[in-house]
Amino acid sequence: MTDSSNKPHISFWLVAVLALIWNLMGVINFFGQMSPKMVASMAESHQAIINGRPIWGTISFALAVFGGAIGCILLMMRKAAALYLFVASLLGVMIHLIPNFNLAGKVQFSAGELLMMMVIPLVVAAFLAWYASQSQNKGWIK
């Protein structure tokens with residue numbers, strides 16, 4: 001017999017689906033950045049970030065987006081391992097930001113670019129790690 005008190009709220013599913021869409025967009029972005037043709041079509045500021053990023057920055061970007069996407073799938077499967085993937089994704093985001101800070105004085109970024117490239121990914125990754133922890137505490141994921 002299952003305990004109905006552990007049934008996730010509808011918001012759990014909404015967060016999981018929206019987070020999966022967000023992270024899948026990150027995966028698509030990652031593959032786009034691996035294509036020289038695609039990079040050449042981007043704004044100069046974006047090209048500077050991609051071309052100036054060290055290999056560890058690219059690896060951390062992959063960890064961030066793939067960890068987040070797999071974490072979302074595990075969250076929807078109600079597996080506690082999602083928390084570990086979201087924490088790894090958060091670490092990936094934080095490490096990925098380091099080269100961007102080094103470019104901040106050399107490349108002119110608009111406020112929107114800074115928001116989309118630095119602030120929002122960090123906030124989303126931190127939120128998902130927190131949300132998975134809260135979901136685990138509520139018994140929604142095991």
Side-chain angles (χ1 to χ4, degrees), residues 2-104 106-142:
T2 60
D3 182 3
S4 64
S5 67
N6 286 342
K7 183 178 178 186
H9 189 268
I10 187 89
S11 62
F12 173 87
W13 301 109
L14 182 63
V15 167
V17 168
L18 291 176
L20 180 60
I21 292 168
W22 168 263
N23 280 288
L24 289 177
M25 288 189 317
V27 169
I28 291 167
N29 184 15
F30 176 82
F31 284 119
Q33 291 185 23
M34 298 301 110
S35 165
K37 183 179 177 182
M38 190 73 137
V39 172
S41 70
M42 294 179 182
E44 282 187 42
S45 58
H46 297 274
Q47 289 181 34
I49 290 171
I50 296 164
N51 295 329
R53 184 171 53 212
I55 188 68
W56 56 265
T58 301
I59 292 168
S60 64
F61 180 32
L63 176 64
V65 297
F66 288 104
I70 295 167
C72 288
I73 293 167
L74 291 174
L75 187 67
M76 291 193 301
M77 294 172 63
R78 299 181 60 193
K79 301 292 183 188
L83 175 59
Y84 302 110
L85 272 291
F86 287 139
V87 169
S89 178
L90 176 58
L91 290 173
V93 170
M94 292 188 307
I95 294 168
H96 176 255
L97 290 178
I98 295 169
N100 293 354
F101 287 125
N102 293 336
L103 287 174
K106 301 172 190 165
V107 177
Q108 191 70 17
F109 295 113
S110 70
E113 287 175 319
L114 289 173
L115 189 66
M116 283 303 294
M117 293 184 311
M118 296 184 179
V119 177
I120 293 176
L122 187 60
V123 169
V124 169
F127 170 77
L128 289 174
W130 171 83
Y131 193 78
S133 175
Q134 294 302 306
S135 296
Q136 190 173 30
N137 291 343
K138 293 178 180 180
W140 293 350
I141 61 175
K142 295 177 186 181

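These numbers were taken from a predicted model, which means no experiment stands behind them.
- Using a 4.5 Å heavy-atom threshold, the side chains of Trp140 and Gln134 count as separate.
- Every side chain to side chain donor-acceptor pair (under 3.5 Å) that Ser11 has, sequence neighbours left out, goes to His9.
- More than 12 heavy-atom neighbours from other residues, nucleotides or ligands sit within 6.0 angstrom of CE on Met25.
- Inter-residue side-chain proximity for Tyr131 and Phe12 is flagged as met; some heavy-atom pair is nearer than 4.5 Å.
- Across all non-hydrogen atoms, the minimal contact from Gly71 to Ala82 is O-CB, 3.4 Å.
- Expressed to the nearest 0.5 Å, how far CD1 of Ile50 lies from CE of Met38 amounts to 9.5 Å.
- Trp22 has its side chain out of reach of Cys72: every pair of non-hydrogen atoms, C-beta onward, lies at least 4.5 Å apart.
- Remark: Phe30 CZ to Ser35 OG distance equals 12.5 Å, nearest 0.5 Å.
- Once rounded to the nearest 0.5 Å, the distance linking CG of Asn29 with CG of Leu24 reads 12.5 Å.
- Taken to the nearest 0.5 Å, the OG atom of Ser135 stands 10.0 Å off from the CG atom of Leu128.
- Annotation: side chain of Ile141 is not in contact with side chain of Lys79 (no heavy-atom distance under 4.5 Å).
- The side-chain heavy atoms of Leu90 and Leu122, taken from C-beta on, include a pair separated by under 4.5 Å.
- Rounded to the nearest 0.5 Å, atoms CD1 (Ile73) and CG (Asn23) are 9.5 Å apart.
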List, one per line, each side-chain donor-acceptor pair under 3.5 Å for residues 51-68, sequence neighbours excluded.
from: Asn51; atom 1: ND2; to: Gln47; atom 2: O; distance (Å): 3.2
from: Arg53; atom 1: NE; to: Thr58; atom 2: OG1; distance (Å): 3.2
from: Arg53; atom 1: NH1; to: Gln33; atom 2: OE1; distance (Å): 3.1
from: Arg53; atom 1: NH1; to: His96; atom 2: NE2; distance (Å): 3.2
from: Arg53; atom 1: NH2; to: Gln33; atom 2: OE1; distance (Å): 2.6
from: Ser60; atom 1: OG; to: Trp56; atom 2: O; distance (Å): 3.2
from: Ser60; atom 1: OG; to: Gly57; atom 2: O; distance (Å): 2.8
from: Ser60; atom 1: OG; to: His96; atom 2: N; distance (Å): 3.2

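- Scanning all heavy atoms of the two residues, the minimum distance from Leu83 to Ser133 falls at CD1-N, 3.8 Å.
- When all heavy atoms of Lys142 and Asn6 are compared, the closest pair comes out as NZ-ND2, 3.2 Å.
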